[in-house]
Amino acid sequence: MATHYTKTAKSLHWLMAVLLFGLLALGFYMQDLPLSPEKLKLYSWHKWAGVTAFLLVLARLGWRVTHVPPALPATMPKLMQLAAHAGHLALYGLMLAIPLSGWLMSSAKGFQTVWFGVLPIPDLLDKNKEVGDLLQTVHQGLNLLFVATLAAHIGAALKHHFIDKDDILTRMLPQPAKEI
Amino acid sequence: MQRFALATAFSLLTLAAASAQAVEYSQVQADKSAIHFTYKQMGVAVDGKFKKFASVLSFDPAKPTAAKATFDVDLGSVDTGAAEGDQEVAGKAWFNTKAFPSARFVSGTVKPLGGNKYEVAGQLSIKGKTQDVVVPATFTPNGNSGVFDGSFTIRRADFSIGEGSWAKFDIVANDVVIKFRITAASK
Ligand code: HEM
């Protein structure tokens with residue numbers, strides 16, 4: 001059984017980490033700006049990057065269902081292993097649900113998403129103010145949940161590295177400390 | 001006898017049709033009328049509408065060249081699809097509704113293009129600027145009322161709509177398509 005993640009898995013993980021932190025920061029920042037051409041530009045960039053994140057998570061799920069990730073250390077209590085799996089499941093769920101809610105919100109608000117200004121993404125919902133406002137709240141709520149889950153994810157990774165001193169963090173790092 | 005009845009029926013019909021033609025449509029039905037606009041935001045079409053406008057209209061399909069129309073659009077009633085957008089376009093850089101609360105269209109000559117198609121030349125005034133516009137329209141009678149449909153394109157810069165940081169067209173395009181559907185009943 002593999003002891004560390006493959007190059008593909010690592011690349012996808014860290015590429016998405018950077019992209020998602022950027023998306024979160026941009027998302028929280030842009031919406032408080034006064035309306036300006038700059039703001040409209042940032043909204044478009046956020047939507048393009050969000051669609052990109054959605055495609056990357058699909059690729060990631062593709063990797064995940066065709067590979068067996070390295071097992072968790074046997075020293076980990078069963079309950080902790082279960083929590084780890086549940087956490088990862090939640091992250092995948094949120095990484096799918098957040099861009100989906102963003103896309104549906106944009107449709108309902110009447111602002112179609114055109115990926116990089118080139119590829120129009122169909123509007124599944126008709127323009128409807130109430131639905132748009134509701135989906136905005138959903139997008140926001142899911143993002144707050146995502147931030148909380150990420151905090152737990154990062155906290156757990158650091159705990160494994162510095163307190164448990166196992167290889168959980170290093171096996172996802174670009175150059176594993178001890179490759180077998 | 002049968003032939004006579006048929007002939008009478010036929011002439012009655014043509015008479016009815018002719019008198020129907022002499023009808024003048026002038027009672028605009030606000031609830032069945034709408035003025036929309038479409039523009040491009042970073043290449044993506046976005047729709048909006050004006051919720052309030054007043055119009056004075058007279059149109060007789062038998063005498064189209066005598067038709068007249070005046071529209072006063074309440075610019076403060078704009079619906080851009082987002083509350084902050086509505087607020088922004090009411091402001092100085094866009095419509096400046098405090099100084100210029102409404103846009104006005106006054107028809108000039110009306111040219112029948114055949115069938116139910118017409119071309120209405122007129123003057124459009126927004127924000128203290130007046131431009132000649134040509135508006136293609138169709139007229140579809142429907143019982144006691146008739147529906148005018150049409151659309152035309154203006155350039156927002158011609159009316160100084162979107163000044164300052166909005167003056168460039170990279171984010172919000174210059175062309176704005178105005179689309180209307182006006183339902184008017186005959187008297
Ligand atoms: C994983 C991908 C995404 C992440 C992490 C993300 C994150 C965020 C965050 C943190 C906010 C601010 C939420 C708030 O406090 O209200 C936000 C707002 C927004 N997001 Fe996303 N987003 C993603 C994908 C998308 C996509 C795909 C779209 C559209 C196609 C989108 C459209 C929007 C819009 C329009 C807003 C602003 C809502 C408003 O203020 O009207 N997002 N996003």
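All chains are named by letter (A, B, ...) in the order of the sequence lines, taking the proteins before the strands, and each is independently numbered beginning at 1.
Between B/Trp166 and A/Leu40, the closest heavy-atom pair is CZ3-CD1, 3.6 Å. Nearest heavy-atom pair, B/Thr80 versus A/Phe111, reported as atom, atom and distance to 0.1 Å: O-CZ, 4.0 Å.
In terms of hydrophobic clustering, with Ile, Leu, Val, Met, Phe, Trp and Tyr side chains grouped at heavy-atom distances under 4.5 Å, B/Val134 and B/Val176 are assigned to different clusters. Both A/Leu55 and A/Ile98 sit in one connected hydrophobic cluster of ILVMFWY residues. Membership requires side-chain heavy atoms under 4.5 Å apart, directly or through other members. The cluster map of Ile, Leu, Val, Met, Phe, Trp and Tyr, joined by side-chain heavy atoms under 4.5 Å apart, puts A/Leu89 and A/Val147 in different clusters. Taking hydrophobic clusters as Ile, Leu, Val, Met, Phe, Trp and Tyr residues chained together by side-chain heavy-atom distances below 4.5 Å, A/Leu91 does not share a cluster with A/Leu82.
A distance of 7.0 Å separates OG in A/Ser44 from CD1 in B/Ile171, rounded to the nearest 0.5 Å. The structure places NZ of A/Lys129 at 8.5 Å from CG of B/Asp79, a figure rounded to the nearest 0.5 Å. Rounding to the nearest 0.5 Å places NZ of A/Lys41 at 12.5 Å from CD of B/Gln41.
The backbone N or O of A/Pro37 sits nowhere less than 3.5 Å from a side-chain atom of B/Lys168 that would complete a donor-acceptor pair.
Counting non-hydrogen atoms of other residues, nucleotides and ligands closer than 6.0 Å to CE of A/Met80 gives a total of 12 or fewer. Other residues, nucleotides and ligands contribute over 12 non-hydrogen atoms within 6.0 Å of the CG atom of B/Asp158.
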Exercise. Is there a salt bridge (charged side-chain N to carboxylate O under 4.0 Å, His left out) between A/Lys39 and B/Glu88 once you walk through the steps?
Worked result: CA-CA 13 Å; A/Lys39 178 173 185 169; B/Glu88 173 68 26; over 6 Å; no
